[in-house]
Amino acid sequence: MKGSRMSLPTQMAIGMVLGIAAGALTQAMGLDPSWYKPVGQLFINLVRMVVVPLVLTTLVAGAASVGDVSKLGRVAGKTLAYYLVTTAVAVVIGLVLANIFQPGSGLSISTEGLKAKEVAPPTLVDVFLNIVPINPIEALSKGNMLQIIFFALVMGFALLKLGDKGKSLLDCCRAGQEVMKEITNMALEFTPYGVLGLMASVVGKNGTAILIPYIKTIAAMYLCAVVYLLVVQAVLMVGVFGRVSPLKFLKNMKEAMTFVFATCSSVATIPLNLACVKKVGVDEETANFVIPFGAVMNMNGTAIYEAVAVVFTAQIFGVELTFTQQVMIMLTATLASIGTAGIPGSGLVMLTIVLSSVNLPMEAIGLLAGIDRILNMARCVPNIVGDAATAVIVAQSEGTLKR
């Protein structure tokens with residue numbers, strides 16, 4: 001599809017449709033769908049290859065370019081506050097709509113033989129201690145994003161204080177950022193084929209029949225994601241607080257939204273998300289700070305998923321959730337979204353923490369595993385749109401939003 005005049009979202013949509021059709025045909029013919037997987041995995045590897053150096057160089061350059069130390073602290077404080085508040089709102093919307101949809105009622109899914117491994121949630125002290133890398137090189141090699149963010153911010157802060165003495169290293173980081181963006185653009189040429197491989201592999205392995213028992217759960221997740229994206233993120237955050245046209249915002253975000261929907265990787269979407277928010281008018285310094293930070297720390301869509309998954313679990317196992325327990329879910333999911341950032345399989349850790357907070361069985365994780373990819377596609381979109389909407393609000397509040 002290289003050289004085509006079609007936009008990237010259109011190419012990805014075609015790849016997705018062809019992938020679903022190929023997967024369904026493969027399963028109907030009883031063929032092995034595993035040979036599709038390397039095509040999708042190659043694409044994911046290409047994009048992930050650039051993520052660590054991109055986040056490092058972008059955050060270092062972004063922190064050092066803020067201008068003064070007080071502004072850097074102010075921007076960081078606003079960003080974190082918006083992430084916490086919007087995540088709490090996401091959980092509330094998830095709980096309200098899940099209670100209306102009743103995703104687990106009337107289902108007869110067998111739980112026999114299912115035993116999900118309990119994941120011990122990190123303590124608050126461990127969360128803060130693990131943010132600081134003992135060896136930054138090891139953090140970079142292992143892709144520990146929370147530690148990379150911390151190191152990048154400290155390094156950017158140091159370069160900001162050094163002024164002219166650190167100019168050569170800052171220029172090197174800026175040049176590295178541009179190189180990483182260019183490599184990402186090269187990898188994106190392969191996107192339609194990667195999406196085709198990913199979808200064909202998933203559908204070929206599980207088939208479309210897996211969707212039937214979970215149709216209400218899937219519908220609840222997608223409706224919650226759409227309502228949250230349109231009402232909270234586009235209208236309230238961008239339109240009311242950011243004073244930017246929601247339609248303009250959504251139009252400029254479509255490339256990043258399509259990409260993350262197909263790939264289910266918020267971190268891999270950083271380059272596209274950066275480009276999209278800059279089209280909306282967010283200045284480079286704010287975008288370079290807020291977007292990489294949010295890709296790891298901000299989990300609006302995942303918080304919605306936790307709420308839907310908990311209601312689903314309670315109904316499957318015949319447990320009545322009280323109002324107090326649902327408030328506990330809101331608080332736990334909000335804090336867990338920050339506390340589990342940068343941990344491999346953080347969605348699993350989050351769900352385990354939330355289920356534990358209201359004493360629900362861990363077997364639900366096994367029940368939802370079969371449709372996790374389908375749910376993940378929905379929850380990733382509000383994750384990255386939340387980062388972009390926050391960048392708009394922060395830029396507006398700082399007076400740097402370009403109209």
Side-chain angles (χ1 to χ4, degrees), residues 7-9 12-13 47 78-94 97 221-282 286-308 333-334 337-338 341 347 374-397 401:
S7 66
L8 183 61
M12 285 191 285
V47 178
K78 287 177 182 179
T79 302
L80 189 57
Y82 285 129
Y83 286 163
L84 284 169
V85 171
T86 54
T87 300
V89 173
V91 179
V92 171
I93 289 176
L97 291 182
M221 180 65 224
Y222 275 74
L223 180 64
C224 288
V226 170
V227 168
Y228 186 77
L229 190 152
L230 295 178
V231 177
V232 177
Q233 294 176 329
V235 175
L236 290 179
M237 293 178 71
V238 174
V240 176
F241 294 107
R243 298 178 189 173
V244 171
S245 164
L247 290 177
K248 175 190 173 184
F249 173 75
L250 292 172
K251 182 181 178 181
N252 281 293
M253 286 298 299
K254 66 180 180 181
E255 202 165 274
M257 289 192 291
T258 308
F259 182 86
V260 81
F261 183 78
T263 62
C264 296
S265 177
S266 298
V267 177
T269 313
I270 289 173
L272 275 176
N273 213 6
L274 280 169
C276 290
V277 296
K278 288 172 186 176
K279 286 179 188 175
V280 176
V282 177
T286 302
N288 287 346
F289 178 86
V290 175
I291 297 301
F293 189 53
V296 176
M297 299 291 285
N298 189 33
M299 298 187 182
N300 296 158
T302 306
I304 292 171
Y305 164 73
E306 306 302 327
V308 173
T334 303
S337 69
I338 301 297
I374 296 152
L375 297 174
N376 200 13
M377 291 165 74
R379 67 182 182 243
C380 281
V381 177
N383 282 350
I384 64 111
V385 176
D387 303 339
T390 300
V392 171
I393 295 175
V394 172
Q396 164 65 22
S397 68
L401 188 66

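All residue numbers in this chain count up from 1 along the given sequence. If you're wondering where the values come from, they're calculated on a predicted model, not measured in any experiment.
Residues Ala389 and Val238 share a closest heavy-atom pair of CB-CG2, 3.8 Å. Pairing each heavy atom of Gly242 with each of Gln396, the nearest pair is O-OE1, 3.6 Å. Across all non-hydrogen atoms, the minimal contact from Cys224 to Ile304 is CB-CG2, 3.4 Å. Minimum heavy-atom separation, Pro292 to Ala287: CD-O, 3.6 Å. Contact record, Thr269 with Ser265: OG1-O, 2.6 Å, taken as the closest heavy-atom pair. When all heavy atoms are compared, the tightest approach of Ser266 to Cys380 is OG-O, 4.2 Å.
A donor-acceptor pair under 3.5 Å links the side-chain atoms of Asn273 to the main chain of Ile384, judged by distance alone. One N or O on the side chain of Lys248 and one on the backbone of Val280 form a donor-acceptor pair closer than 3.5 Å.
When side chains are defined from C-beta on, Leu230 counts as touching Leu250, because their heavy atoms get closer than 4.5 Å. Using a 4.5 Å heavy-atom threshold, the side chains of Leu229 and Met257 count as touching. Here the side chains of Val392 and Val277 are not in contact, with every heavy-atom distance at 4.5 Å or above. For the pair Val260 and Asn383, the minimum side-chain heavy-atom distance is 4.5 Å or more.
We find the CE-CG distance between Met221 and Leu97 to be 10.5 Å, quoted to the nearest 0.5 Å. Summarising the geometry, atom OG1 belonging to Thr263 is positioned 9.5 Å from atom CE belonging to Met377; distances are rounded to the nearest 0.5 Å. The line from OH of Tyr305 to CE of Met299 is 13.0 Å long, rounded to the nearest 0.5 Å. Taken to the nearest 0.5 Å, the CG atom of Asn300 stands 4.0 Å off from the OG1 atom of Thr86. Put simply, CD1 on Ile393 and CD on Gln233 are 9.5 Å apart, with the number rounded to the nearest 0.5 Å. The distance from the OG1 atom of Thr87 to the CD atom of Glu306 is 11.0 Å, given to the nearest 0.5 Å.
Partners of Phe259 under the ring-ring contact (aromatic ring centres under 6.0 Å, His included) rule, at least two apart in sequence or in another chain, are Phe43. Partners of Phe293 under the ring-ring contact (aromatic ring centres under 6.0 Å, His included) rule, at least two apart in sequence or in another chain, are Phe289.
Side chains of Thr390 and Asn298: a donor-acceptor N/O pair is absent below 3.5 angstrom, by distance only.
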Show your working on side chain to side chain contact (heavy atoms under 4.5 Å, CB included) between Val231 and Met237 and close with a plain yes or no. CA-CA 9 Å; Val231 177; Met237 293 178 71; over 6 Å; no
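Applying the side chain to side chain contact (heavy atoms under 4.5 Å, CB included) test between Val381 and each of Tyr228, Phe261, Tyr222 identifies Phe261 as the sole match.
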